[in-house]
Trainee: 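This is the structure I have questions about; it appears just below.
In the text below, chain A, chain B and the rest are named by the order of the sequence lines, each starting its count at 1. Values below: all heavy atoms of this structure, side chains included; hydrogens, waters and symmetry mates excluded.
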Number of protein chains: 2
Amino acid sequence: MSANSQPRSASAESKARLRLWLRLLKSTRGVEAELRERLRQEFGSTLPRFDVMAALSRFDAGLKMSALSGVLRVSNGNVTGIVDRLADDGIVVRVQVPGDRRATLVRLTRKGQEEFARQAAAHELWIDELLGDFDGDEATDLAARFDAMAHREEDR
Amino acid sequence: MSANSQPRSASAESKARLRLWLRLLKSTRGVEAELRERLRQEFGSTLPRFDVMAALSRFDAGLKMSALSGVLRVSNGNVTGIVDRLADDGIVVRVQVPGDRRATLVRLTRKGQEEFARQAAAHELWIDELLGDFDGDEATDLAARFDAMAHREEDR
DNA sequence: CAAAAATGTTTTGAGCTTGAAATACTTTTT
DNA sequence: AAAAAGTATTTCAAGCTCAAAACATTTTTG
């Protein structure tokens with residue numbers, strides 16, 4: 001009955017979502033902090049650098065700066081700085097795109113590929129440890145669930 | 001049987017966890033990006049500022065700088081900067097702790113309380129919208145699940 | 001074909017973030 | 001009570017992050 005049965009349950013739902021958000025944030029920040037720390041300790045590197053290397057590792061032909069910032073969903077200027085430092089370290093190279101003098105292609109060097117392979121192997125072990133609470137089936141279910149959510153986000 | 005039935009399934013489990021982690025990261029980063037954008041647009045503020053205000057709002061008597069960085073799980077120096085700017089804007093005040101001239105207590109001002117109330121109300125609506133994929137029960141279940149995980153993290 | 005619009009990247013300025021060093025004060029030890 | 005150890009906070013240097021502005025080049029349009 002009554003037109004106002006909604007408000008009460010809507011509010012309870014809203015509180016439940018807020019609680020979920022706070023837990024999600026705490027969990028992912030915790031894992032991220034641990035990953036940062038280990039990348040720093042074990043490889044003298046950072047998460048943003050790892051993310052750039054991971055993205056480039058999927059494209060042997062390299063990526064344009066704009067494509068890279070698109071894949072990573074960070075700003076152009078941001079990628080400029082990270083790639084600068086990665087290039088200084090010989091992990092990536094910038095290559096002119098023939099026929100378009102505005103664009104540059106960024107590619108992992110041989111050294112970059114080797115370095116990424118080492119880090120990615122360690123990274124997978126770390127994740128396995130840090131998300132050890134979830135067994136294979138639960139992880140698979142949740143991954144599908146959050147994939148749906150991530151997709152809904154994209155349409156916004 | 002065989003001694004090597006473990007490796008195969010362990011690896012599949014590890015892949016499932018890695019996939020989960022990537023989805024989790026994508027989802028939470030997406031929501032965070034949206035929150036940042038809205039805080040900027042609607043309130044000319046940022047997530048770190050919101051986090052500090054939220055923490056202080058739970059302690060009428062104020063928090064010491066070290067307690068604040070403890071609650072937020074960020075470095076001391078980090079909090080110094082955010083509190084500096086919040087103080088410049090009249091959102092918080094630093095108060096001397098009687099009997100200990102090293103410490104300072106940070107408290108929301110009246111203005112800070114009012115500002116936080118407005119932002120928190122909007123924030124709750126935003127989260128309700130952004131996590132709209134999850135109904136109340138699912139949100140409650142998942143919150144408990146990630147709480148368990150976050151607790152395991154703390155023991156590390 | 002010149003002007004205008006679009007595309008690709010870097011620069012800039014402000015704020016966030018960290019770990020380590022510096023500073024200031026308090027408590028404990030000798 | 002001086003020395004040493006511990007606690008509270010800020011400063012520093014380096015890197016990450018964004019939005020907006022600046023630049024350079026290419027494509028489209030009038």
Trainee: When the distance from CD of Gln96(A) to P of dT9(C) is rounded to whole Å, what number comes out?
Mentor: 10 Å

Trainee: Heavy atoms from C-beta onward define the side chain here; which of dG15(D), dT10(D), dT9(D) lies closest to that of Thr80(B)?
Mentor: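 Taking heavy atoms from C-beta onward, the closest nucleotide is dT10(D).
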
Trainee: Could you check Ile82(B) against Gln41(A) and say which one's nearest nucleotide on DNA chain C is further toward the 5' end?
Mentor: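 Result of the comparison: Ile82(B).
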
Trainee: If each of Arg40(A) and Ala103(A) is mapped to the nucleotide of DNA chain C with the nearest heavy atom, which maps nearer the 5' terminus, i.e. the 5' end?
Mentor: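 On the 5' side of the pair lies Ala103(A).
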
Trainee: Charged N to carboxylate O under 4.0 angstrom, Arg110(B) versus Glu115(B)?
Mentor: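 The answer is no: the pair does not qualify as a salt bridge.
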
Trainee: How long is the line joining CZ of Arg73(A) and C1' of dT17(D), in whole Å?
Mentor: 16 Å

Trainee: Over all strands shown, is Glu32(B) touching base, sugar-phosphate only, or nothing at heavy-atom distances under 4.0 angstrom?
Mentor: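 Counting heavy atoms under 4.0 Å across all strands, no contact is made by Glu32(B).
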
Trainee: Please determine, for the side chain of Ser66(A), which listed nucleotide (dT18(C), dT10(D), dT9(C)) has the closest atom?
Mentor: dT9(C)

Trainee: When you measure from the side-chain N and O atoms of Asn76(A) to the phosphate of dT9(C), is any distance below 4.0 Å, counting only OP1 and OP2?
Mentor: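 Negative; the distance criterion is not met.
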
Trainee: Of all the choices, dT18(C), dT9(C), dT26(D), which nucleotide is nearest to the side chain of Arg101(A) once you look at every atom?
Mentor: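 Minimum distance to the Arg101(A) side chain belongs to dT26(D).
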
Trainee: Compare side-chain N and O positions of Asn78(B) against OP1 and OP2 of dT18(C) and report whether any pair is under 4.0 Å apart.
Mentor: yes

Trainee: Indicate whether any N or O donor in one side chain lies under 3.5 Å from an N or O acceptor in the other, for Ser57(B) and Gln113(B).
Mentor: no

Trainee: By nearest atom, which of the nucleotides dT26(D), dT9(C), dT17(C) is closest to the Met65(A) side chain?
Mentor: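 Closest nucleotide to the Met65(A) side chain: dT9(C).
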
Trainee: Could you tell me whether Arg118(B) and Glu114(B) make a salt bridge, using a distance below 4.0 angstrom between a side-chain N and a carboxylate O?
Mentor: no

Trainee: Please determine whether a side-chain nitrogen or oxygen atom of Arg36(B) lies at a distance below 4.0 Å from atom OP1 or OP2 of dC18(D).
Mentor: no

Trainee: Atom CG of Asp84(A) to atom P of dT12(C): distance rounded to whole Å?
Mentor: 12 Å

Trainee: Identify which one of Ile91(A), Val92(A), Val83(A) satisfies the side chain to side chain contact (heavy atoms under 4.5 Å, CB included) criterion when paired with Leu56(A).
Mentor: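 Going through Ile91(A), Val92(A), Val83(A) one by one, the side chain to side chain contact (heavy atoms under 4.5 Å, CB included) with Leu56(A) is satisfied by Val92(A) alone.
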
Trainee: Using the six-membered ring wherever Trp is involved, compare the ring planes of Phe134(A) and Phe146(B) and label them parallel, tilted or perpendicular (cut-offs 30° and 60°).
Mentor: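 Geometry flag for Phe146(B) against Phe134(A): tilted rings.
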
Trainee: Within less than 4.0 Å of OP1 or OP2 of dT10(C), is there a side-chain N or O belonging to Arg94(A)?
Mentor: yes

Trainee: Suppose we call a contact any N or O donor and acceptor under 3.5 Å apart; does that hold for the side chain of Arg102(A) and the base of dT26(D)?
Mentor: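 For Arg102(A), whose side chain was compared with the base of dT26(D), there is no donor-acceptor pair (under 3.5 Å).
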
